[in-house]
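Heads up: the structure comes next, in structure tokens.
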Amino acid sequence: MQVRDKIKINNSYKQIFKEVLKRGIWFVLAFVLSFSSVVGGSCPFAVSLITVSNKKNFLFSAAGAGLGYIIFCDSSDAIRYFSAVIIAALGTLAINLFNSGKDFFMPMIVSSLSVLSTGIVMNIKNQDVLGAYALTVGEAVLALGASFFFYRTAHCNFKRLKYKALELTDTTCLLVSAAVVLTGLSFLEIKGVSPARIIAVLLILIAVRFGSQTWGLIIALCLGFALGISRENSMFLLGAYAFSALVCGLFTNISSLGIGISFSLSMVFFAVAADMGSFSVCSVIESIAASVIMVLLPEALTEKISDFFESGADIAPDGSLRQSLVVRLRFASSALAQVSESVRDVREKINQMGKTQPIESELRMVAADQFFSISDMLGDLAFEFDEAEIFDFKSAGKIRRMLGGYDIYPENISVIVDKFDRMRIEILASSKTTGLDSPKIKNELEKICSRDFEKIRTNYSGSNLMITVIEKPNFKMSFGFAQYCAEGKLCGDTIKTINDTRGHMIFIISDGMGKGGRAALDGAMGAGLLSKLLSAGFGFDSSLKVVNSALLVKSSEESLATLDCACVDLFTGKCEFFKAGAPRSYIVKKSSLTKCELSSMPAGILRGIEFAKRTTVLNVGDEIIMMSDGITDVGEDLLDEFLKYDDSDSPNDRAKEILDFALAHSDSRHRDDMSVIVARLIKG
């Protein structure tokens with residue numbers, strides 16, 4: 001108990017320290033901003049900071065601002081700005097009491113009115129000319145703009161900056177806010193040399209060295225502008241910093257010393273061209289000092305800086321072909337691993353029923369077939385990526401920033417548009433990630449891509465999670481099914497339905513040889529493996545080869561299963577039938593009945609079997625009827641006549657009526673397992 005009490009006390013002290021530190025930061029920032037001014041002596045930034053403070057911090061920022069204005073401003077300006085601090089603090093209190101802190105325009109209004117009202121009072125008291133009133137209005141606008149930048153900075157998620165998911169506007173506001181704070185420190189000089197400007201140059205050099213030339217240029221522009229307007233005749237810093245950042249970016253492959261020397265030489269050129277006397281000389285000295293500091297930075301610190309800029313560098317560019325290939329192949333590998341596990345599990349169950357001795361030569365031949373199967377699978381993936389006409393990089397970047405707003409940081413994002421203008425979004429993240437499948441995310445994705453999407457689908461593979469969102473198709477399938485077990489509780493037929501990630505609805509019936517448990521194992525294995533492979537993105541032919549090999553090697557005894565598949569394209573209505581030893585299916589179009597009967601071999605008998613195929617196009621209201629041989633055994637003419645005049649309302653009722661009809665017209669002593677699927681195409 002004493003140890004627990006000590007831990008609790010230590011944790012409470014840590015919490016108190018953190019809270020005190022937070023309040024202290026707001027106090028110090030406001031104090032620094034109180035003497036952060038622009039040309040003309042206007043310094044409204046501390047007032048702006050007060051208005052964006054929350055209810056726990058605004059008193060501390062007000063105290064820091066008030067103290068700073070009293071110390072650093074002359075008597076008349078001190079009274080004016082101190083009054084503005086009081087008005088801003090009262091306005092911020094009202095904002096927090098009425099819970100309006102979520103609206104960025106309220107702090108802007110309060111800060112602007114605080115500066116404007118006190119400024120006009122001083123103008124009236126001093127009987128100023130019209131130009132002085134214009135300066136007051138300009139200062140109020142400056143306060144308004146500063147509040148906007150401070151508000152966005154205070155409310156942005158800094159974790160998103162690490163994961164390259166921070167909005168560009170938030171990044172800009174963060175840099176501008178930091179530049180304004182640094183401007184306040186720039187007035188602290190040692191014989192004309194400003195430590196703040198040394199820090200500014202050091203930040204630019206670090207951004208170029210460890211980040212990129214783009215980062216260096218952005219930071220140079222922000223800092224150069226803020227420091228340039230802080231005093232008279234210093235606007236040349238804007239161009240000097242920006243151009244010097246471009247120049248030193250050419251030497252990033254050399255060393256930190258090369259970057260520092262090139263930046264300093266560029267600043268020498270600008271100092272001579274500007275001819276600002278001692279200030280120009282000081283700017284060169286500041287550049288040299290920053291360069292020396294960067295060269296002398298300890299290795300441990302440079303590694304941390306490099307890690308910050310390189311965070312997310314191992315993430316492939318959003319929407320890149322390489323990235324999408326890696327993601328799909330990873331899940332394809334997982335599917336093959338599941339196939340291996342399934343075969344092993346089924347084989348163990350068979351071995352429990354009786355000892356078996358597989359034929360070694362046959363196993364070798366089947367193993368050799370697997371090389372061809374894998375080759376076909378990779379060909380299927382190549383074909384799929386060939387259809388991916390466009391990788392929408394812009395949308396992928398928007399999605400990453402959107403997800404960052406929900407504190408979600410995926411590894412990869414692919415936005416793929418195929419040659420038929422169908423969009424698919426694939427997002428790979430850690431399996432620990434939560435919230436990716438929420439309706440809010442789906443709504444945000446629809447806004448970004450300006451398309452309607454189906455429900456988000458989730459797929460786990462080890463430590464990874466991939467969600468897939470496909471564009472909502474023109475059609476959907478209304479379907480129902482019914483089954484009958486001829487022996488015991490295990491049905492030898494297995495039914496699977498798949499809605500894949502490419503706008504297809506797939507129906508599968510697998511009929512194991514015989515009845516009961518053995519037939520149920522074969523049927524479940526055939527349908528289960530085929531559905532896993534099709535879901536992973538493989539084609540029907542290559543998937544059949546794997547299923548066939550799995551059935552061949554799982555037992556030395558004869559083991560087979562028929563496979564009956566129908567694949568409907570929900571965008572076009574195109575329907576493809578794939579049959580391996582399966583009985584006939586039916587296509588119902590406006591009461592007209594068309595049979596689909598194809599000769600083929602079931603899986604598990606011989607090596608090298610192939611699907612028999614047929615294609616048709618469905619319209620709204622058309623149906624497909626698939627069934628196992630337990631139903632077709634009642635007789636072709638009898639079944640055809642019944643199906644012509646069956647006008648059930650729903651596919652599920654129709655499936656049950658077909659099963660009841662087959663049961664009524666079959667011999668109960670010789671019945672086989674029965675399964676039927678009825679699927680109807682309807683508008684999406």
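Judged by distance alone, with hydrogens and angles left aside, the side-chain atoms of Ser48 form a donor-acceptor pair with the main-chain N or O of Ala143 at under 3.5 Å. Glu139 contributes no side-chain N or O that, together with a main-chain N or O of Leu116, makes up a donor-acceptor pair within less than 3.5 Å. Checked by atom type and distance alone, the side chain of Glu454 never pairs as donor or acceptor with a backbone atom of Ile470 at under 3.5 Å. In this structure, Ser111 contributes its side chain and Val47 its backbone to no donor-acceptor pair below 3.5 Å. Using modelled atom types, no side-chain atom of Arg422 and backbone atom of Phe571 make a donor-acceptor pair closer than 3.5 Å. Looking only at distances, no side-chain donor or acceptor of Ser112 sits under 3.5 Å from a matching main-chain atom of Leu144. The closest donor-acceptor contact from the side chain of Ser186 to the backbone of Thr183 lies under 3.5 Å. Side chain of Ser414 to main chain of Ile416: no donor-acceptor pair is present (N/O by atom type, distance under 3.5 Å, no hydrogens or angles).
Taking the side chain as every heavy atom from C-beta outward, Ile87 and Leu113 never approach each other to under 4.5 Å. Between Thr51 and Phe150 the shortest side-chain heavy-atom distance does not fall below 4.5 Å. Two residues are said to be in side-chain contact when any heavy atoms from C-beta on lie closer than 4.5 Å; Asp392 and Met423 meet this criterion. A heavy-atom distance below 4.5 Å is not found between the side chains of Leu436 and Tyr406. For the pair Ser291 and Leu205, the minimum side-chain heavy-atom distance is below 4.5 Å. Contact of the Ile206 side chain with the Leu297 side chain is registered, since non-hydrogen atoms from C-beta on lie closer than 4.5 Å. Side-chain contact between Glu444 and Leu403 is absent, with no heavy atoms from C-beta onward closer than 4.5 Å. Side-chain contact between Ile506 and Thr497 is absent, with no heavy-atom pair separated by less than 4.5 Å.
Listed by chain and number, the residues in a ring-ring contact (aromatic ring centres under 6.0 Å, His included) with Tyr69 are Tyr81 (sequence neighbours excluded). Looking at residues two or more places apart in sequence or on another chain, you find no side-chain hydrogen bond (donor to acceptor under 3.5 Å, both in side chains) involving Ser262. Considering only residues two or more places apart in sequence or on other chains, Ser194 meets the side-chain hydrogen bond (donor to acceptor under 3.5 Å, both in side chains) condition with none of them. Judged as a side-chain hydrogen bond (donor to acceptor under 3.5 Å, both in side chains), and not counting sequence neighbours, the contacts of Asp421 are Arg451. Residues passing the ring-ring contact (aromatic ring centres under 6.0 Å, His included) test with Phe225, sequence neighbours excluded: none.
Environment of CZ in Phe453: crowded, with over 12 heavy atoms of neighbouring residues, nucleotides or ligands closer than 6.0 Å.
With rounding to the nearest 0.5 Å, the separation of CD1 in Ile198 from CG in Leu185 is 12.5 Å. The structure places CG of Leu29 at 11.0 Å from OG of Ser36, a figure rounded to the nearest 0.5 Å. Once rounded to the nearest 0.5 Å, the distance linking CG of Leu296 with OG1 of Thr302 reads 12.0 Å. Considering CG of Leu175 and CG of Leu182, their distance stands at 12.0 Å, rounded to 0.5 Å. Put simply, CD on Glu426 and CD1 on Ile413 are 12.0 Å apart, with the number rounded to the nearest 0.5 Å. Considering CZ of Arg197 and CD of Glu286, their distance stands at 4.0 Å, rounded to 0.5 Å.
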Step by step, work out the side-chain contact (heavy atoms from CB on, under 4.5 Å) result for Thr433 and Tyr409. CA-CA 8 Å; Thr433 304; Tyr409 307 100; over 6 Å; no
Working for side-chain contact (heavy atoms from CB on, under 4.5 Å), residues Phe45 and Leu142: CA-CA 8 Å; Phe45 302 115; Leu142 188 63; 3.8 Å; yes
Using the rule given for side-chain contact (heavy atoms from CB on, under 4.5 Å), can you reason through His504 versus Leu534, listing the C-alpha separation, both sets of side-chain angles and the distance that settles it, and then say yes or no? CA-CA 11 Å; His504 298 95; Leu534 294 176; over 6 Å; no
Quick one, Leu221 with Leu238, criterion side-chain contact (heavy atoms from CB on, under 4.5 Å). Give me CA distance, side-chain angles, the key distance, then yes/no. CA-CA 6 Å; Leu221 288 171; Leu238 174 60; 4.0 Å; yes
Check the pair Lys442, Glu446 against salt bridge (charged side-chain N to carboxylate O under 4.0 Å, His left out), reporting the backbone distance first and the verdict last. CA-CA 6 Å; Lys442 176 178 172 292; Glu446 290 179 336; 2.9 Å; yes
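Of all heavy-atom pairs spanning Phe27 and Phe60, the tightest one is CD1-O, 3.4 Å. Looking at every heavy atom in both residues, Arg400 comes nearest to Pro410 through NH1-O, 3.0 Å. Closest approach of Ile425 to Cys449, counting heavy atoms only: CD1-SG, 3.9 Å. Leu250 approaches Gln213 most closely through the heavy-atom pair N-NE2, 4.1 Å. The two atoms that bring Val115 and Pro44 nearest to each other are CG2-CB, 3.9 Å, heavy atoms only. Contact record, Arg457 with Asn499: NH1-O, 2.7 Å, taken as the closest heavy-atom pair.
Ring pair Phe31/Phe35 is perpendicular by interplanar angle, where above 60° counts as perpendicular and below 30° as parallel.
Among residues at least two apart or in separate chains, side chain to side chain donor-acceptor pair (under 3.5 Å) pairs with a member in residues 55-68 are Arg23-Asn57, Ser53-Ser61, Asn54-Asn57.
For the side-chain contact (heavy atoms from CB on, under 4.5 Å) with Thr172, the lone residue among Asp170, Val176, Leu174 that qualifies is Val176.
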